[in-house]
Number of protein chains: 2
Amino acid sequence: MKNLLVAQSGGPTAAINATVAGVVACALSSGKVDHIYGAVNGIEGVLAERFVDLREKLDSAEKLDLLAQTPAAALGSCRLKIREREQLKQIVEVLKKREIAYFIYTGGNDSMDTVDKLSAYIAEEGIEGIAVMGAPKTIDNDLMGTDHCPGFGSAAKYIAATFAELERDCHVYTTKCVTIVEVMGRNAGWLTASSALARLNGGNGPDLIYLCEKPFDTEDFLKVVEEKLKTQDSVLVAISEGIKDAEGHYVSEQVQTKALDNFGHAYISGSAKVLEQIVQDRIGCKVRSIELSLMQRCAAHIASATDISESRMLGMKACQSALEGQSGQMAAVIRKSDDPYTVTFETIPVKDAANAEKKVPDAWITPDGHDVTDEMIAYLKPLIQGECRNICENGIPVHIRLY
Amino acid sequence: MKNLLVAQSGGPTAAINATVAGVVACALSSGKVDHIYGAVNGIEGVLAERFVDLREKLDSAEKLDLLAQTPAAALGSCRLKIREREQLKQIVEVLKKREIAYFIYTGGNDSMDTVDKLSAYIAEEGIEGIAVMGAPKTIDNDLMGTDHCPGFGSAAKYIAATFAELERDCHVYTTKCVTIVEVMGRNAGWLTASSALARLNGGNGPDLIYLCEKPFDTEDFLKVVEEKLKTQDSVLVAISEGIKDAEGHYVSEQVQTKALDNFGHAYISGSAKVLEQIVQDRIGCKVRSIELSLMQRCAAHIASATDISESRMLGMKACQSALEGQSGQMAAVIRKSDDPYTVTFETIPVKDAANAEKKVPDAWITPDGHDVTDEMIAYLKPLIQGECRNICENGIPVHIRLY
């Protein structure tokens, strides 16, 4: 028996399930795989042997399509970080017991760390016949080694469309008003940058865009907002949740506790709320803050067709590479050109992606620190192209449940 | 010359521009109208004679379609309430000067009050040849005299799809978590009720739905949430922004004791944020709050085709009725049956809609106070049907600008 196991990890996205659909489609068509299992809740589910039979759950092309349009992680997720060799031993015991020859793990840099450690352990222990492959996924787009990450394009499309709509909404009254919209991104500003795409069809989009890569200067921010208010009624501002001052303190720390999540990340939110209060105090005009919150990562109803298609392709690539005997690698998108947009799907050593963060290059942020350059737009624009035209029933998109 | 003037008022919606598209289409096809003007920023724009030429701005069917898919008020809006007879006199002077024979005003109950007062003034003063008609619009769905309001169905569709996505997102981890989502509605819970439509395709949707029509009992809420946490990982809660306790105090008025910003201000927040803090203090599990904020009223990218179509029809009805000499009336949707869904478009005396609020009937809220009944679902379901398949360019929907 040569069985395949796929599992999902890290934060949900609108595209991660398309990767699983790609893995399953490739396994089905290969004729080389017996059981196709999904582990529920990532590595936690592997350790607990919480498996679902994906041949049974996904027994038609339509179900694969429904999976690809279902947001979040249909197999559940986890944030378990591998810290001990004993955990790797336990995982391998489960894989052996279930006769898993191919294990595909989708996720971000923490998940790629798991793929790296697990494949290294298997090699070091001289264990034969278990290939471990990674498939990238993160709305943050901060993975190294791949041009971009599945999930990012759909989140970027939601953000672009939403900023275009918010700009229209904020424009209707003559009362002066500042609207500050907080976008996900603790350390990388890719998502916040995608708010600039709201301008592609002639709209004004956000007036100011602050990424977390540049120190945030509150006094300069207030000066620029006041200047804009002299000539326009509405000032729309996009900020990364993780904007920090010159000393490296999160703007949001001004009201947040110092809670840490399981990976030791500072638990933050509320930068926009803090700035709302500051604008109210110092400028005194009408001001409101908005958080795009979970909606930006799960808005499958406006997923990017490019993103969903590439996400499937990366799942197929990861599966195909495992079937060919590769291990310790991650499927990746390599961009050949922006316009026309062309890419290839390749594999890279997973250790190149594990635990690293790809930030926005300084050259793609305007010198004044509150906008992005044309190079950034050229990079982002292809990733939001195409509408998915999801299968809807009763007025809302249909989702599939695997457990 | 017999000219037509159309203007928009009140809060933006995803459908209000479709009403203007309907008015203009009817005026164009009638052959009875010379200039077709739009006043910028509602009655304020009428008084200031800020007019745009809509024959010129909307000189093709495609532009009318683009207008119908553009969110917010393309002619701008205002919140001016008529308080003095002098204002009515000034408005009529402008209408006479510009040879306006037909004035169509779209908006909510305050705007219908303007239509009522203006048409009454014209009748009382014996002024001939000026017909004033109202067309309904409000995401709150709280207008009397019409089965429902343009804008509501699209907001409800966004809310239903978003809750379905959020439910998927909240389900991925095994960590117990409460997610509290605040929906617009200070006095009427129609929008919050529409979160129940997230269950139409077999999803669990929100576990608890609290409308502002029923007193909110915090202790009972905590008890129900704790009970649910015993058997499920994720508890998703929908609340109206305007939920109040038994004494009539808004939940959002409760001051958060712990969170002060650097300036020592109390952290002023919405109802969901207040409940987040209470759940954290009293239950101690992971909890987060989300506000659907402006997105719910301007998400034209997921507008209801039923809503947009009806919104156009109501604009046509208002225009047609004005051309036929009616005045002081509001175009309205009258429902004939839920399934199959059939409606007629009629006119009602605008005074029946002015200044009144239609609340959710008590019988459509479950006796336990935290869900809605099948009658509510039967009422809501037809309103979100149909996908608009908006014209997109560069990966985002195209919007039109009229000024």
Side-chain angles (χ1 to χ4, degrees), chain A residues 8 12 14 41 44 70-74 76-79 157 160-162 164-166 168-174 179 197-198 200-203 254-255 273-274 277 281 288 290-295 297-302 304 381 384-387 389 392-399 401, chain B residues 12 41 44 70-74 76-79 157 160-162 164-166 168-174 179 197-198 200-203 259-263 265 267 269 288 290-295 297-302 304 381 384-387 389 392-399 401:
Chain A
Q8 298 172 302
N41 296 120
E44 281 180 23
T70 298
S77 184
C78 70
R79 288 200 181 273
K157 188 181 180 90
T162 299
E165 290 169 345
L166 288 174
R168 293 285 72 207
D169 190 288
C170 293
H171 186 59
V172 302
Y173 295 116
T174 51
T179 306
L197 301 175
L200 285 176
N201 293 338
Q254 298 180 24
V255 286
K273 195 78 191 169
V274 170
Q277 191 68 60
D281 288 346
R288 67 191 146 205
I290 294 173
E291 286 184 41
L292 296 185
S293 194
L294 303 189
M295 289 79 83
R297 75 179 186 193
C298 67
H301 71 266
I302 188 171
S304 154
K381 186 176 156 184
I384 67 163
Q385 298 308 305
E387 287 66 55
R389 310 303 191 198
C392 289
E393 281 176 23
N394 295 307
I396 57 172
V398 180
H399 300 156
R401 276 143 210 272
Chain B
N41 296 121
E44 282 180 22
T70 298
S77 184
C78 70
R79 289 202 180 273
K157 188 182 181 91
T162 298
E165 291 169 343
L166 288 174
R168 292 284 72 206
D169 190 288
C170 293
H171 186 59
V172 303
Y173 295 115
T174 50
T179 306
L197 301 175
L200 285 176
N201 293 338
L260 294 179
D261 68 15
N262 277 356
F263 304 97
H265 294 120
Y267 193 64
S269 4
R288 67 191 146 206
I290 294 173
E291 285 184 41
L292 296 185
S293 192
L294 304 188
M295 288 80 82
R297 75 181 186 192
C298 67
H301 72 266
I302 188 170
S304 154
K381 186 176 157 184
I384 67 162
Q385 298 307 305
E387 287 66 55
R389 309 303 189 198
C392 290
E393 282 176 23
N394 296 307
I396 57 171
V398 180
H399 301 156
R401 276 144 210 274

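Naming convention: chains lettered A, B, ... in sequence-line order (proteins, then strands); numbering from 1 in each chain. If you're wondering where the values come from, they're calculated on a predicted model, not measured in any experiment.
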Colleague: To the nearest 0.5 Å, what is the distance between OG1 (Thr174(A)) and CZ (Arg79(B))?
Modeller: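 Thr174(A) atom OG1 to Arg79(B) atom CZ measures 11.5 Å (nearest 0.5 Å).
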
Colleague: Which answer fits Ile302(A), side chain, backbone, both or neither, if we ask what part of it has an atom under 4.5 Å from a heavy atom of chain B?
Modeller: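 The answer is the side chain of Ile302(A).
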
Colleague: First locate atom CD of Glu387(A), then atom CD of Glu387(B), and finally report the distance between them rounded to the nearest 0.5 Å.
Modeller: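 One gets 14.0 Å once the value is rounded to the nearest 0.5 Å.
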
Colleague: Given heavy-atom pairs under 4.5 angstrom as the criterion, report whether the side chain, backbone, both or neither of Ala198(A) touches chain B.
Modeller: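 The answer is the backbone of Ala198(A).
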
Colleague: To the closest 0.5 Å, what do you measure between CG (Leu166(A)) and CZ (Arg297(B))?
Modeller: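 Reported to 0.5 Å precision, the distance equals 9.5 Å.
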
Colleague: Taking Gln385(A)'s backbone N and O only, do any of them form a donor-acceptor pair with Asn394(B)'s side chain (distance below 3.5 Å, no angle check)?
Modeller: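 It does not hold such a pair.
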
Colleague: At a heavy-atom separation under 4.5 Å, does Ser77(A) approach chain B through its side chain, its backbone, both, or neither?
Modeller: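 Ser77(A) touches chain B through backbone and side-chain heavy atoms alike.
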
Colleague: Is it the side chain or the backbone of Ser304(A) that comes within 4.5 Å of chain B heavy atoms, both, or neither?
Modeller: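 Neither the backbone nor the side chain of Ser304(A) comes within 4.5 Å of chain B.
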
Colleague: Please identify, among Thr179(A), Ile290(A), Leu197(A), Leu292(A), the residue contributing the most non-hydrogen atom pairs under 4.5 Å to chain B.
Modeller: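 Result: the option with the highest number of such pairs is Ile290(A).
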
Colleague: Keeping Glu165(B) on the side-chain end and Ala300(A) on the backbone end, is there a donor-acceptor pair under 3.5 Å?
Modeller: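 Such a contact is found between Glu165(B) side chain and Ala300(A) backbone.
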
Colleague: In terms of heavy-atom pairs under 4.5 Å, which option from Glu393(A), Arg389(A), Met295(A), Lys157(A) contacts chain B the most?
Modeller: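 Most heavy-atom pairs within the cutoff with chain B belong to Arg389(A).
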
Colleague: Given a strict heavy-atom distance threshold of 4.5 Å, which part of Arg288(A) is in contact with chain B: side chain, backbone, both, or neither?
Modeller: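 For Arg288(A), side-chain heavy atoms alone lie under 4.5 Å from chain B.
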
Colleague: Given Arg168(A), which partner from the list Pro71(B), Cys298(B), Pro12(B) fulfils the side chain to side chain contact (heavy atoms under 4.5 Å, CB included) test?
Modeller: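 Among the candidates, only Pro71(B) passes.
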
Colleague: Look up atom CD1 in Ile384(B) and atom SG in Cys392(A), then write down how far apart they are to the nearest 0.5 Å.
Modeller: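 With rounding to 0.5 Å, CD1 (Ile384(B)) is 9.5 Å from SG (Cys392(A)).
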
Colleague: Heavy-atom pairs under 4.5 Å with chain B: which of Pro397(A), Gly386(A), Cys170(A), Gly203(A) has the most?
Modeller: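 The residue among Pro397(A), Gly386(A), Cys170(A), Gly203(A) with the greatest pair count is Gly203(A).
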
Colleague: Among Ala74(B), Cys78(B), Ala160(B), which residue forms the greatest number of heavy-atom pairs with chain A at distances under 4.5 Å?
Modeller: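 Top count of heavy-atom pairs under 4.5 Å with chain A: Cys78(B).
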
Colleague: Could you pull out the closest heavy-atom pair between Ile396(A) and Asn201(B), with the gap in Å?
Modeller: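 Nearest heavy atoms, Ile396(A) then Asn201(B): O-ND2, 3.1 Å.
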
Colleague: Checking Glu291(A) against Glu291(B) for the side-chain contact (heavy atoms from CB on, under 4.5 Å) test, could you report, in this order, the C-alpha distance in whole Å, the side-chain angles of both residues, the deciding distance, and whether it holds?
Modeller: CA-CA 8 Å; Glu291(A) 286 184 41; Glu291(B) 285 184 41; over 6 Å; no

Colleague: Going by the rule ring pair (Phe, Tyr, Trp, His ring centres under 6.0 Å), which residues pair with His399(B) if we only count those two or more places apart in sequence or in a different chain?
Modeller: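 Listed in chain order: nothing, the list is empty.
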
Colleague: Where on Glu44(A) is there a heavy atom nearer than 4.5 Å to chain B: the side chain, the backbone, both, or neither?
Modeller: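 Just the side chain, heavy atoms under 4.5 Å.
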
